[in-house]
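Single-structure report; data block below.
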Amino acid sequence: QVQLVESGGGLVQAGGSLRLSCAASGRTFSSYTMGWFRQAPGKEREIVATISWNGGTTTYAHFVKGRFTISRDNAKNTVYLQMNSAKPEDTAVYYCAADPAGTGRYVYWGQGTQVTVSS
């Protein structure tokens, strides 16, 4: 059983910064690829960023590249999403998820945390 709990969401002004955290417990976290996803009302869930088990490889959606940074601290069983230069279009519920096999199938999900960017 793997449990993921997001925190750090809230209201931020356009151009501001926010840091999301995802704490993991249960099965070995350090070997899992991790990802951040987001979903706005009425829209499909979309991938934001991913990070490999050792942090050596990261990927970003084009709409956040250069603004967001994904990182992880395996000693703390935590993955982070640093959001800089926030835009109103970033408003969504943000989820972290785990891909145990490293195949792109995310099977463990957190409950989500709301991020609202005002203009």
Do you know which two heavy atoms are closest between Leu81 and Ala49, and how far apart they sit?
-> CD1-CB, 4.4 Å
List the atom of Ser119, the atom of Pro88, and the distance in Å for their closest heavy-atom pair.
-> CB-CG, 4.1 Å
Find out whether Tyr32 and Val2 are in side-chain contact, i.e. whether some heavy atom of one side chain is under 4.5 Å from a heavy atom of the other.
-> yes
Is there a side-chain contact between Ser71 and Val79, using heavy atoms and a 4.5 Å cut-off?
-> no
Contacts of Gln82 that satisfy side-chain hydrogen bond (donor to acceptor under 3.5 Å, both in side chains) - sequence neighbours left out = Asn84
Partners passing salt bridge (charged side-chain N to carboxylate O under 4.0 Å, His left out) against Arg72 (at least two apart in sequence or in another chain) | none
Considering all heavy atoms, the nearest Val12-Ala86 contact | CG1-CB, 4.2 Å
What residue pairs, at least two apart or across chains, pass side chain to side chain donor-acceptor pair (under 3.5 Å) with a residue in residues 49-61?
-> Thr50-Thr59, Ser52-Asn54
All side-chain contact (heavy atoms from CB on, under 4.5 Å) counterparts of Ser7, not counting sequence neighbours | Ser21
Any disulfide bond (SG atoms under 2.5 Å apart) pairs touching residues 75-119, not counting sequence neighbours?
-> Cys22-Cys96
Between atom CE of Met34 and atom OG1 of Thr78, what is the distance when rounded to the nearest 0.5 Å?
-> 9.0 Å
Joining Ile, Leu, Val, Met, Phe, Trp and Tyr whenever any side-chain heavy atoms lie under 4.5 Å apart, the cluster holding Trp109 also takes in Phe37, Ile47, Val93, Tyr95, Tyr106
Just grab all the salt bridge (charged side-chain N to carboxylate O under 4.0 Å, His left out) pairs involving residues 40-64, residues at least two apart or on different chains.
-> Arg38-Glu46
Would you kindly confirm whether Ile70 and Met83 end up in one hydrophobic cluster when ILVMFWY residues are joined by side chain heavy atoms under 4.5 Å apart?
-> yes
Can you sort out the partners of Thr116 under side-chain contact (heavy atoms from CB on, under 4.5 Å), two or more places apart, ordered by chain and number?
-> Leu11, Thr91, Gln114
With sequence neighbours left out, what residues match Gln111 under side-chain hydrogen bond (donor to acceptor under 3.5 Å, both in side chains)?
-> Glu6
Linking I/L/V/M/F/W/Y whenever any side-chain heavy atoms sit under 4.5 Å apart, do Val107 and Val5 land together?
-> no
State yes or no: do Val115 and Val64 share one hydrophobic cluster built from I, L, V, M, F, W and Y residues joined by side-chain heavy-atom distances below 4.5 Å, directly or via other members?
-> yes
Mind checking what makes side-chain hydrogen bond (donor to acceptor under 3.5 Å, both in side chains) contact with Arg19, not counting sequence neighbours?
-> none
Taking only residues two or more places apart in sequence, or in another chain, which ones meet Arg67 in a salt bridge (charged side-chain N to carboxylate O under 4.0 Å, His left out)?
-> Asp90
Full working for side-chain contact (heavy atoms from CB on, under 4.5 Å) between Tyr80 and Thr69 = CA-CA 8 Å; Tyr80 305 94; Thr69 302; over 6 Å; no
Determine the minimum heavy-atom distance between Ala92 and Ala40, stating which atoms define it.
-> CB-N, 3.8 Å
Here the pair of heavy atoms bringing Gly9 nearest to Leu20 is N-CD2, 3.6 Å
Which residues pass the side-chain hydrogen bond (donor to acceptor under 3.5 Å, both in side chains) test with Asp99, sequence neighbours left out?
-> none
